[in-house]
2 protein chains.
Amino acid sequence: MAQSDTVTRILDTAEVLFAERGFAETSLRNITSKARVNLAAVNYHFGSKKALIQAVFARYLDPFSQRFHEALDELHARYGDDEIPLEVLLETMATTVLTVPAERNSLKVFMRLLGLAYSQAQGHLRRYIHEQYGDVFTRFVELVRRATPGLPDAERFWRLHFMLGTVIFTLSGLDALRDIAAKEYNEQVSVRDLVRRLRPVVVSAMNAPLPPALEEAHHDHAHSG
Amino acid sequence: MAQSDTVTRILDTAEVLFAERGFAETSLRNITSKARVNLAAVNYHFGSKKALIQAVFARYLDPFSQRFHEALDELHARYGDDEIPLEVLLETMATTVLTVPAERNSLKVFMRLLGLAYSQAQGHLRRYIHEQYGDVFTRFVELVRRATPGLPDAERFWRLHFMLGTVIFTLSGLDALRDIAAKEYNEQVSVRDLVRRLRPVVVSAMNAPLPPALEEAHHDHAHSG
DNA sequence: CCTCCAGAAAAACGAGTGTTTAAAACATCG
DNA sequence: CGATGTTTTAAACACTCGTTTTTCTGGAGG
């Protein structure tokens with residue numbers, strides 16, 4: 001291996017540690033010692049810790065966005081200009097999300113990283129992800145728009161983010177929840193079980209009745225701090 | 001003020017900085033200098049940084065759990081042994097969540113802190129919160145159980161956590177989402193607007209049709225990493 | 001052979017961390 | 001007043017951090 005596997009070892013170790021303990025709580029010395037690699041290797045190969053973090057994300061998101069584009073191309077070929085049902089769109093996204101990390105490590109790490117990125121301070125990672133991979137998401141949202149013609153744009157925007165919260169929150173805290181569920185209801189949940197459970201919930205949530213219109217838009221700001 | 005307001009100044013400053021940048025990214029020197037207080041004051045009054053973090057949470061969660069208990073007492077008095085409708089239960093929780101921080105600072109900080117606690121490394125904060133305030137949550141869940149008799153216990157467990165994810169994720173990332181929504185759909189969303197939007201979504205999600213039963217429980221573990 | 005140079009390794013740098021210590025300031029009360 | 005206990009302050013401690021510098025290694029090419 002000419003292009004030394006040092007790079008790979010660093011990435012493999014870093015993504016696990018980041019997912020377990022967060023970015024700030026994981027030092028380069030943690031990573032390099034566990035990867036049995038010299039400390040300076042990170043700065044030599046990646047330039048900085050921040051660049052390493054982005055490289056960890058890129059290794060998941062590059063194939064994801066590529067595959068998701070391909071999957072949407074297929075849907076376009078299959079449906080032409082017909083409206084694609086919401087269930088099919090959600091199913092496609094779920095399949096793609098499940099496919100990418102299945103090839104390598106585990107979905108858990110991927111989801112945990114996404115959760116961390118979104119809950120991260122100042123959201124500079126969120127911004128990076130949005131800039132780098134925002135176009136696939138935009139494309140997806142446009143298809144969802146056509147699949148839910150009864151929904152006002154703003155309402156759809158919020159509901160999509162509600163559901164994003166559901167998925168990321170659940171899958172990123174999966175281990176803890178899995179333990180509780182196993183203890184309380186002695187049942188072993190796999191990620192695929194969870195996706196099965198998520199499907200009807202997400203569909204119902206997206207198709208929920210519209211909220212009553214605002215009676216008179218923000219009249220008193222008394223408690224809206 | 002005999003019981004010096006140093007303690008209060010530290011807490012007021014700490015909660016804002018924690019909410020903005022996370023726990024690890026906020027140093028005691030950040031806090032004490034912004035609060036115009038001596039560095040050693042934190043360790044003198046709280047003992048350690050970890051204890052300060054818990055104190056910040058306690059200042060929100062103590063009144064919350066007390067008020068939520070009172071609210072549930074009221075519901076019990078009003079409904080006796082009759083089943084309390086799911087909408088009423090959700091409404092009660094929403095009201096309590098909105099009430100507590102409205103008295104002091106802002107809901108945003110409270111939600112951001114909750115989001116951080118849940119996405120935190122190893123979840124030692126999540127454990128602390130669960131141990132300290134788990135009983136109110138348990139009581140609430142029991143009422144939800146009686147309000148949703150058609151739902152298997154495990155299914156209800158997961159759906160409640162799905163909805164917890166929706167709320168915490170949305171409200172803790174509120175600022176960023178608010179900006180996007182304002183730009184794209186030029187509409188000003190207040191927290192109360194969001195709660196109005198959340199209500200039908202959460203109710204529909206909880207009442208979603210049951211997922212199809214597992215065909216044959218985890219036969220192949222091929223991709224369940 | 002020697003040169004060259006990407007890569008690995010060891011060591012040091014300077015800045016920033018949570019925490020502790022010891023002295024000073026302050027308040028309370030006999 | 002002087003004594004007592006609490007709070008504030010400045011300084012130091014002992015690390016850990018990300019990054020940089022320097023040295024060493026080992027194979028490719030003239």
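Reckoned from all heavy atoms, side chains included, excluding hydrogens, waters and symmetry mates. Here is how names work: the chains are called A, B, and so on, in the same order as the sequence lines, proteins then strands, and each is numbered from 1.
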*How long is the line joining CG of A/Leu28 and P of D/dT19, in whole Å?*
6 Å
_Does a side-chain N or O of A/Thr6 approach OP1 or OP2 of C/dA8 to a distance below 4.0 Å, or not?_
yes
_Between the side chains of A/Glu20 and A/Lys34, is the shortest nitrogen-to-carboxylate-oxygen separation below 4.0 Å, so that they form an ion pair?_
no
*Of all the nucleotides listed (C/dA9, D/dA12, D/dT20), which has the minimum atom distance to the side chain of A/Asn43?*
D/dT20
*Would you kindly give the CG-to-P distance between B/Asn30 and C/dA15, to the nearest whole Å?*
17 Å
*Assign B/Thr32 to base, sugar-phosphate, or nothing according to its heavy-atom contacts below 4.0 angstrom with the strands shown.*
nothing
*When you check the gap from the basic side-chain N to the acidic O, do A/Asp153 and A/Arg145 get nearer than 4.0 Å?*
no
*Ignoring backbone atoms, establish whether B/His45 has a side-chain N or O less than 4.0 Å from OP1 or OP2 of D/dT6.*
no
*How do A/Asn38 and A/Arg29 order along DNA chain C: which one's closest nucleotide is nearer the 5' end?*
A/Asn38
*asked:* Which nucleotide wins on minimum distance to the side chain of A/Leu39, given the candidates C/dA11, C/dT21, D/dT7?
replied: C/dA11
*Flag for B/Thr138-B/Asp135: side-chain donor and acceptor within less than 3.5 Å*: no
*Whole angstrom is fine here: how far is it from CD1 in B/Ile31 over to C1' in C/dG16?*
15 Å
*Nearest whole angstrom, please: distance from the P of C/dT19 to the CZ of B/Phe46.*
13 Å
*Are any side-chain N or O atoms of A/Lys49 and backbone N or O atoms of A/Val42, one a donor and one an acceptor, separated by less than 3.5 Å?*
no
*Write down the distance between CZ (A/Arg21) and P (D/dT16), rounded to a whole number of angstrom.*
14 Å
*Would you kindly compare A/Ala40 and A/Glu25 by the position of their nearest DNA chain D nucleotide and give the one closer to the 5′ end?*
A/Glu25
*asked:* I'd like to know if B/Arg67 and B/Asp62 make a salt bridge, using a cut-off of under 4.0 Å between side-chain N and carboxylate O.
replied: no
_Using a 4.0 Å heavy-atom cut-off, does A/Ala41 contact any base of the nucleic acid, only the sugar-phosphate backbone, or nothing at all?_
nothing
*Please state how far atom CD1 in B/Ile10 lies from atom P in D/dT9, giving the value in whole angstrom units.*
11 Å
_Nucleotide of D/dT7, C/dA10, C/dT20 approaching B/Tyr44 most closely (side-chain heavy atoms)_ = D/dT7
*Whole-Å gap separating P (C/dT17) and CG (B/Leu17)*: 12 Å
*asked:* Side-chain N or O of A/Ser27 versus OP1/OP2 of D/dC17: is the shortest distance under 4.0 Å?
replied: yes
